[in-house]
Amino acid sequence: MTVGGKLFAISDLHVGYAENREIVARMRPESPDDWLLVPGDVAERFADVEWALGRLAERFAKVVWAPGNHELWTPPDDPVTSRGVARYDALVQLCRNLGVVTPEDPYPVWQSPDGPVRVAPLFLLYDYTFLPPDLRTKEEALDRAHETGVVCTDEILLHPDPFPTREAWCESRVAETERRLASCDPALPTVLVNHYPLVRTPLRILRYPIFAQWCGTERTADWHTRFGAVVTVYGHLHIPRTTWHDGVRFEEVSLGYPREWRPRHSTSGQPRQILPDTGRPAETWFGAGRL
């Protein structure tokens with residue numbers, strides 16, 4: 001690509017909602033050289049994921065996707081009934097057919113005005129280590145969640161097959177991804193793209209703190225510094241904002257559900273510019289989310 005293009009991002013498109021689907025139908029790049037990062041939760045049904053990523057791939061010079069938890073669900077009304085790793089593998093093949101970059105592909109290099117950066121889409125899941133300070137185990141946290149009525153639908157629809165648990169799948173993904181990132185040339189800065197935040201700090205503003213157990217893993221707490229990130233991009237929280245951690249910019253780029261983005265209509269549906277950096281201050285709020 002030419003240096004004239006920009007790197008944009010938007011997540012949690014949830015195109016099963018008609019209003020969100022219309023946003024994707026209207027979405028266009030600013031220039032033919034623009035890239036788009038899509039860190040997960042495009043949709044739940046396989047056909048909806050294909051429709052959305054296909055439209056975006058037709059318009060942007062390159063689309064980079066990392067899976068969210070919703071793509072990994074196996075909804076009872078989806079004709080595609082694959083579960084767990086088989087479903088993820090099918091999504092990867094779908095993306096490759098569309099020309100969309102996945103966590104299983106070589107990390108592409110984007111040429112910024114300040115030099116090249118490696119764009120690394122990640123698939124890591126979560127392992128229930130983001131626990132409230134008064135709880136010690138996953139079992140205690142799940143009991144608290146059921147008591148309060150704040151239970152992620154993953155517990156019903158996100159199957160880890162053939163792994164025995166979601167945290168076992170997470171452990172495998174973290175180990176594999178860590179090895180891969182460590183093998184990259186450290187001289188090239190990175191843009192880390194993951195559905196969940198790599199650090200726990202952004203979760204402090206959750207309306208229901210018990211939900212944090214489904215929001216990442218402590219294992220990635222130093223990845224933004226260890227692997228030379230100039231920016232990390234994530235979604236999942238439906239709380240779009242800009243924060244800084246250890247001098248690294250973190251961008252939460254969710255669209256979210258219609259009831260969430262309507263109050264911030266002026267910014268909804270517009271992918272966030274990631275690079276070149278626009279100089280947004282820390283704690284820039286784009287509207288509150290559901291959590």
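The first residue of the sequence shown is numbered 1, and numbering continues consecutively from there. Atoms considered below: every heavy atom in the structure, side chains included; atoms not considered: hydrogens, waters and symmetry mates.
- A donor-acceptor contact shorter than 3.5 Å is absent between the side chain of D78 and the backbone of T74.
- For D161 and W169, the side-chain atoms include no donor-acceptor pair closer than 3.5 Å.
- The side-chain hydrogen bond (donor to acceptor under 3.5 Å, both in side chains) test applied to W214 returns E155, not counting sequence neighbours.
- For H224 and F250, the ring centers sit closer than 6.0 Å to each other.
- A ring-centre distance under 6.0 Å is found for H14 and H70.
- Relative to the ring axis of W51, R21 places its NZ or CZ within 45° and under 6.0 Å from the centre.
- Taking CD1 of I239 as the reference point, atom CG of L206 lies at 5.5 Å (rounded to 0.5 Å).
- Under a 3.5 Å cut-off, the side chain of R87 and the backbone N or O of E71 do form a donor-acceptor pair.
- For W65 and F123, the ring centers sit 6.0 Å or farther from each other.
- Counting non-hydrogen atoms of neighbouring residues, nucleotides and ligands closer than 6.0 angstrom, the CZ atom of R136 reaches no more than 12 such neighbours.
- Between the CZ atom in F227 and the CZ atom in R180 there is a gap of 12.5 Å [rounded to 0.5 Å].
- Legend: side chain to side chain donor-acceptor pair (under 3.5 Å) pairs involving residues 92-107, not counting sequence neighbours, sorted by first then second residue: Y88-E104, Q93-N97, R96-D105, T102-D105, E104-R173.
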Would you please test T220 and L124 for side chain to side chain contact (heavy atoms under 4.5 Å, CB included) and show each step? CA-CA 9 Å; T220 61; L124 304 174; 3.8 Å; yes
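- D246 and T225 are not linked by any side-chain donor-acceptor pair at a separation below 3.5 angstrom, with hydrogens and angles left out of the test.
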From CA spacing to verdict: side chain to side chain contact (heavy atoms under 4.5 Å, CB included), V233, L192: CA-CA 6 Å; V233 182; L192 301 179; over 6 Å; no
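- From Q213, atom CD reaches atom CG of D154 across 10.5 Å, with rounding to the nearest 0.5 Å.
- Closest non-hydrogen pair, S31 versus G5, comes out as OG-CA, 4.0 Å.
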Given the rule in the side chain to side chain contact (heavy atoms under 4.5 Å, CB included) test, do V42 and D48 qualify, once you have shown the distances and angles that lead to the verdict? CA-CA 8 Å; V42 175; D48 287 338; over 6 Å; no
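- R59 places a side-chain N or O within donor-acceptor distance of the main-chain N or O of M27, the cut-off being under 3.5 Å.
- Using cut-offs of 30° and 60° for the angle between ring planes, the Y257 and H238 rings count as perpendicular.
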For a side chain to side chain contact (heavy atoms under 4.5 Å, CB included) check, start with the C-alpha distance between R166 and Y126, then their side-chain angles and the critical distance, and finish with the verdict. CA-CA 7 Å; R166 282 176 287 277; Y126 52 83; 3.1 Å; yes
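- Using a 4.0 Å cut-off between charged nitrogen and carboxylate oxygen, R144 and D134 count as a salt-bridge pair.
- With values rounded to the nearest 0.5 angstrom, F211 atom CZ is found 8.5 Å from L237 atom CG.
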